[in-house]
Amino acid sequence: RLSEVFLDDRGEESQKLPLTTTEMAETIRVMVEKEQNSAVRYQLAFTLGMLPEHVRFHALTAMLMRDGADRWIRMAAFTSLKSDSFQVFKAILMRSFEQQPSVDDAVLSGLLAQVGMKANPSELSEMIELLEILKTNRPDQATALLVELKRSLASKGRFLADIQPTTRTESLVKELVARALEIACDVKESIETRCSAIRGLSLGNMDDVRNILVTNLSSSQSREIATTSLEAMDAHVEGTVAEDILSVWSSLSPEIRRRASEVLLGQSQRVALLLDALESGRLPVADLERLHLESLTRYPDVALRERATRLLSKANEPQRGKVVESYREVLEKRGDRASGKIVFEKNCSTCHRVEGIGNEIGPNVAAMKARGAESLLVNVLDPNREVHPQYLAYVVVTQDGRVRSGLISSESAASLTLRTSDGREETIARDSLEHLQSTGKSLMPEGLEKQIDSKAMADLFEFLLSAG
């Protein structure tokens, strides 16, 4: 770190290290190749950004191929890329064609995202050429990378269809979507393979893929198939997405409704249709979780926000204090631990982890139970009474008009990462942010009493309070 002032090619000549370019390149090459300490390699990834372009390019390529699976080193290397993203992407992809050791998928996706954000026409055109080559032997990977390119372009208000020559781009998209549609419909394929194909359907026209995506939301499909289909629908800008979701809303499970609500809140035209459904009674207000209702009343669009505020002020939501009091008898009951474990897996494991079950998104349950059963009851039924700042939900609006909500799980100088209530993470570049605001609420939804009666709550507490 102390040497960076000497490596910066913007510095005065008197500050430069007495090394030739060849010597410097060789020193860096040896460090990238042989240094074993991960902390040193992490710092080295940052320092590489201070080097001249020709030295930096080769060193970052080598580091990403070796350390791409390490999230922190990978992100550090990405911050040092400057204008090298496409060339490094191309170098790594070409080496993979030559049967070099495979690189972590997150490396190519991250590099491609930066290329899309930069939106250099000649680089994008060459990118399509590379993906055409890739599709011959690795069509699944070509599809996944094209999906990532579409996503990054969209964050800047750009589209795949604009990449020149447009006929070549259109042909590539058409071929990959046709293949993805065939696999997505094949129930003999594994869930993982079908989910991968379903993500590829975000590339096609909604009219061509609507039937399979909407069908996949039914209760007969697995949770993974349903949530991935919603992810693909979310990538489409067509105004029919909201109506497609609302048409099958009554048949959606609580977990799928949660993800569907996030899709509906993702664009202003969808929110308008959602409010139409709420105002007409087609969709009961009680069907939306409190967090999503709060998001509506803080929506960036003034007209939509005012509509939501008027609508929700008429809704008679139960006072949380009264709900807590109605469940206080649970504290005197002895529940069944095995049944409580099932209740936890169904209702709590999305955000909490106990005895190896679930995800570590919300507060640690072991720390919560240390404060006593009564405090735990309040945390479960009135989660917004006391919220630690790190668990506050935020609403993010990007420059292309998309709206996301979740916890800020990590930040860097160039981006922030949101973690949603179903455990997904999305990294958003700071230069694509339009608006960021805390909701003042917990990510944990109110209204668990609708899914957990007093007996089930006693079982849940028996499991939580006895958990190791």
Side-chain angles (χ1 to χ4, degrees), residues 184-185 187 189-202 206 209-236 238 240-267 270-271 273-275 277-278 282-296 342-352 357-359 361-362 393 402-407 418-426 443-452 456:
C185 294
V187 295
E189 294 283 1
S190 68
I191 289 178
E192 182 180 1
T193 299
R194 289 183 67 202
C195 284
S196 179
I198 289 168
R199 292 186 185 95
L201 299 183
S202 65
M206 191 62 185
V209 300
R210 171 179 290 106
N211 185 55
I212 181 63
L213 292 179
V214 175
T215 300
N216 282 346
L217 302 184
S218 71
S219 57
S220 63
Q221 298 291 339
S222 70
R223 177 186 64 181
E224 292 82 2
I225 292 292
T227 55
T228 305
S229 296
L230 284 167
E231 178 186 332
M233 295 174 77
D234 194 21
H236 287 275
E238 291 91 337
T240 58
V241 170
E243 181 55 41
D244 291 333
I245 293 173
L246 292 171
S247 69
V248 294
W249 180 270
S250 62
S251 65
L252 303 183
S253 68
E255 183 174 359
I256 304 306
R257 284 186 179 185
R258 180 181 300 129
R259 178 69 184 105
S261 297
E262 293 172 357
V263 174
L264 291 171
L265 290 168
Q267 293 181 4
R270 298 177 192 167
V271 171
L273 290 172
L274 172 60
L275 289 172
L278 291 169
R282 177 187 177 191
L283 180 66
V285 172
D287 278 7
L288 293 184
E289 294 182 356
R290 190 68 191 176
L291 173 66
H292 298 134
L293 294 174
E294 290 289 343
S295 295
L296 283 172
I342 295 173
V343 174
F344 175 83
E345 290 176 336
K346 181 179 179 181
N347 298 281
C348 313
S349 61
T350 299
C351 294
H352 299 281
I357 302 168
N359 302 302
I361 298 174
R402 290 184 173 272
V403 181
R404 296 289 183 267
S405 61
L407 303 179
L418 276 186
R419 183 177 295 155
T420 63
S421 58
D422 59 358
R424 294 177 302 105
E425 287 197 342
E426 181 174 354
L443 191 63
M444 181 172 174
E446 293 180 347
L448 277 180
E449 70 277 3
K450 297 173 184 176
Q451 282 85 44
I452 307 175

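Between the R257 side chain and the L252 main chain, a donor and an acceptor come within less than 3.5 Å of each other. S229 places a side-chain N or O within 3.5 Å of a backbone atom of I225 that can act as its donor or acceptor partner. Of the possible donor and acceptor atoms, none in the side chain of R259 sits under 3.5 Å from a partner among the backbone N and O of A226.
In this structure, the separation between CE on M233 and CG on L201 is 11.0 Å, given to the nearest 0.5 Å. Taken to the nearest 0.5 Å, the CG atom of L273 stands 9.0 Å off from the CG atom of L264. The distance from the CG atom of N359 to the SG atom of C348 is 12.0 Å, given to the nearest 0.5 Å. Taken to the nearest 0.5 Å, the OG atom of S247 stands 7.0 Å off from the CZ atom of R282. Taking CD of Q267 as the reference point, atom CG of L265 lies at 11.5 Å (rounded to 0.5 Å). Atom CG of L274 and atom NE2 of H292 lie 10.5 Å apart (nearest 0.5 Å).
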Practice task
Start with the C-alpha distance between I245 and R270, add both sets of side-chain angles, then the distance that settles side chain to side chain contact (heavy atoms under 4.5 Å, CB included), and finish with yes or no.
Solution key: CA-CA 10 Å; I245 293 173; R270 298 177 192 167; over 6 Å; no
Practice task
Carefully, step by step, assess D234 and R404 under the rule side chain to side chain contact (heavy atoms under 4.5 Å, CB included).
Solution key: CA-CA 11 Å; D234 194 21; R404 296 289 183 267; 3.0 Å; yes
Exercise for the section: Just do the side chain to side chain contact (heavy atoms under 4.5 Å, CB included) check on L278 and L288 with the steps written out, would you? Expected result: CA-CA 10 Å; L278 291 169; L288 293 184; 3.9 Å; yes
Practice task
Show your working on side chain to side chain contact (heavy atoms under 4.5 Å, CB included) between R194 and N216 and close with a plain yes or no.
Solution key: CA-CA 11 Å; R194 289 183 67 202; N216 282 346; 3.8 Å; yes
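Taking both residues in full, the closest heavy atoms of A184 and I198 are given as CB-CG1, 3.8 Å, listed atom of the first, atom of the second, then distance. The two residues T420 and I361 come nearest to each other via the heavy atoms O-CD1, 3.9 Å. In terms of heavy-atom proximity, G447 sits nearest to Q451 at O-OE1, 3.6 Å. Scanning both residues, T227 and E224, for their nearest heavy atoms gives OG1-O, 3.2 Å. Of all non-hydrogen atoms in I212 and C185, the two that sit nearest each other are CD1-SG, 3.8 Å. What you find for A232 and L213 is that their closest heavy atoms are CB-CD2, 4.0 Å.
In the displayed structure, N211 atom CG is contacted under 6.0 Å by at most 12 heavy atoms of other residues, nucleotides or ligands.
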